[in-house]
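Reading through the C-alpha cells given below for one structure.
Counting starts at 1 for both ligands and their atoms, in listed order.
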Amino acid sequence: MRVNLDEAIIKLQNGEVVAIPTETVYGLAADASNDDALRQIYAIKQRPADNPLIVHIADINQVNNWATGFTPLAQKLAQAFWPGPLTLVLLAKPHVSNILRGNHPTVALRVPNHALTLQLLKQSGLALAAPSANKFTQLSPTTAAHVTASLGDVVAVLDGGACEVGIESTIVAVTNNQNGESWQLLRLGMLPEANIHAVSGVPATKTKQVIKAPGQHAQHYSPRTPIQLFTSRAELISHANRHPNVRAVALLLGAGAVPNCTYFVLNNNATDVAYKLYDTLHKMDALNAEQLLIEAPPNATEWLAILDRLTRATHR
Ligand code: AMP
Ligand code: MG
C-alpha cells in the first residue's frame with residue numbers, strides 16, 4: 001500500500017512500520033525509541049533478533065542522543081560523508097534499546113541522502129531504525145514495487161523512486177582506546193575504503209576485529225533461483241553451451257551476447273552496475289529459470305562491494 005509523506009509520519013509516530021526510500025536500498029522503518037515498533041520490523045522481515053538495526057537520523061547533531069563514542073575521528077567521517085552511504089558503529093548510550101542493538105554495546109547510525117526521507121526524519125522528529133525492506137536473506141529492494149513483492153501490499157510504502165546508489169551502506173566501526181582512535185570496515189558499500197582512509201588519515205585496522213558485526217551472513221541478498229558466478233565470460237558461455245537443457249538466464253557486465261540463452265547486459269561500470277544490480281536480479285529471478293549465470297566483475301577496488309553482494313548471493 002502506498003502512503004504519502006503525511007500518512008507515513010502519522011503511522012511512524014503511532015508506532016507502525018513504513019517502508020522508506022534511501023539512496024542505498026528501501027528500508028523498513030520504525031521509531032527507533034519504541035520497542036513494540038522495533039519488534040514489528042523483526043517479525044515482518046523474519047530477521048533473527050541478534051541482527052541489529054541501523055538508526056537513520058536527520059543530521060549529525062542527533063548522534064549524541066544515541067552514542068557516547070562520537071570521537072573526533074567519527075566526527076570527521078560524519079562531516080565528510082553525511083548525508084550519504086556510510087554507517088558509523090559507535091559505543092551506545094545505556095538507554096539505547098537492546099532490541100535495536102541486538103544486545104551489543106554499540107549502535108549503528110547514518111544520515112541517509114534522500115530528500116524525501118530527510119524531510120520525513122525532520123518533520124516527524126523521529127529517529128528511524130530501518131533494515132532493508134525485504135524478507136531476511138532475500139534480495140534487497142531498490143524500488144517501491146520490490147518492497148511490495150517481498151513483504152506484501154499490507155506494508156505501507158513511501159515511494160521515493162529508484163534508489164540512487166543501489167546497494168547497502170559501507171559500515172565502519174570507530175573505536176577509541178589507550179592506543180588512540182582506529183576504525184574497521186564491517187561491510188563494504190559503494191563508499192570506497194580509500195576515501196575513508198583519506199579523510200581519517202589512518203588505514204583501517206585489519207588485524208583484530210574489535211567490534212562485532214553481527215548479521216553478516218554468508219547467505220544474504222539471494223534470489224530464489226540458484227546463482228553461479230563465473231570469473232570469465234568465456235567460462236560462462238562455455239557453461240551455457242555444455243548445459244543446453246538447463247533453463248538459464250545470464251548477466252553480462254559490458255556489451256556482448258550469450259548464444260541460445262536469455263541474458264541481461266549492464267554497462268561495465270561499477271556505479272551503473274550498483275544502481276541496477278538488485279533490479280536486474282529481481283527481473284532475472286522473476287523468469288523462473290533453473291539457474292542464474294553471472295559474469296563476475298573485474299578484480300578492482302571499485303567493484304569490491306558488488307563482488308561481495310554477488311558472492312553472498314551464490315551461497316545457499
Ligand atoms: P542492514 O541489514 O543493511 O540494515 O545492516 C545492518 C547491519 O549493520 C548488521 O547486520 C550489522 O552488521 C550492522 N550493525 C547494525 N547495528 C549494529 C550494532 N549496534 N553494532 C554493530 N553492528 C551493527
Ligand atoms: Mg538487508
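Residue contacts to the Mg ion (ligand 2): Asn134 brings no N, O or S atom closer than 2.8 Å.
Each of the following atoms of ligand 1 lies closer than 4.0 Å to a heavy atom of Arg47: 2 (O), 4 (O), 6 (C). Those atoms of ligand 1 that come under 4.0 Å of a heavy atom in Pro131, given as number and element, are 4 (O). Taking a cut-off of under 4.0 Å to the non-hydrogen atoms of Val107, the atoms of ligand 1 that pass are 19 (N). Every atom of ligand 1 with a heavy atom of Val89 under 4.0 Å away is listed here by number and element: 20 (N), 21 (C), 22 (N). Interface atoms of ligand 1 facing Asn51, defined by a heavy-atom separation under 4.0 Å, are 9 (C), 10 (O). Within ligand 1, the atoms closer than 4.0 Å to a non-hydrogen atom of Thr106 are 18 (C), 19 (N), 20 (N), 21 (C), numbered from 1 in the order shown. Using a 4.0 Å cut-off to heavy atoms of Arg187, the atoms of ligand 1 that qualify are 1 (P), 3 (O), 5 (O).
The 12-atom threshold is exceeded at CG of Asn64, counting heavy atoms of other residues, nucleotides or ligands nearer than 6.0 Å. Enclosure of atom CG in Asn4 by more than 12 non-hydrogen atoms of other residues, nucleotides or ligands within 6.0 angstrom is indicated.
Of the candidates Leu53, Ile171, Thr87, it is Ile171 that places a heavy atom closest to atom 13 (C) of ligand 1.
At a threshold of 4.5 Å between side-chain heavy atoms, the hydrophobic network of Ile, Leu, Val, Met, Phe, Trp and Tyr places Val258 and Leu266 in two separate groups.
The shortest side-chain heavy-atom distance between Trp66 and Leu90 does not fall under the 4.5 Å cut-off.
The shortest non-hydrogen separation linking Leu116 to Pro21 is CD2-CG, 4.4 Å.
Thr22 places a side-chain N or O within donor-acceptor distance of the main-chain N or O of Thr24, the cut-off being under 3.5 Å.
In summary, the side chains of Tyr263 and Glu295 do not present any donor paired with an acceptor at a separation below 3.5 Å, with no hydrogens or angles considered.
Among the atoms of Arg101, none of the N or O lies under 3.5 angstrom from an N or O of ligand 1.
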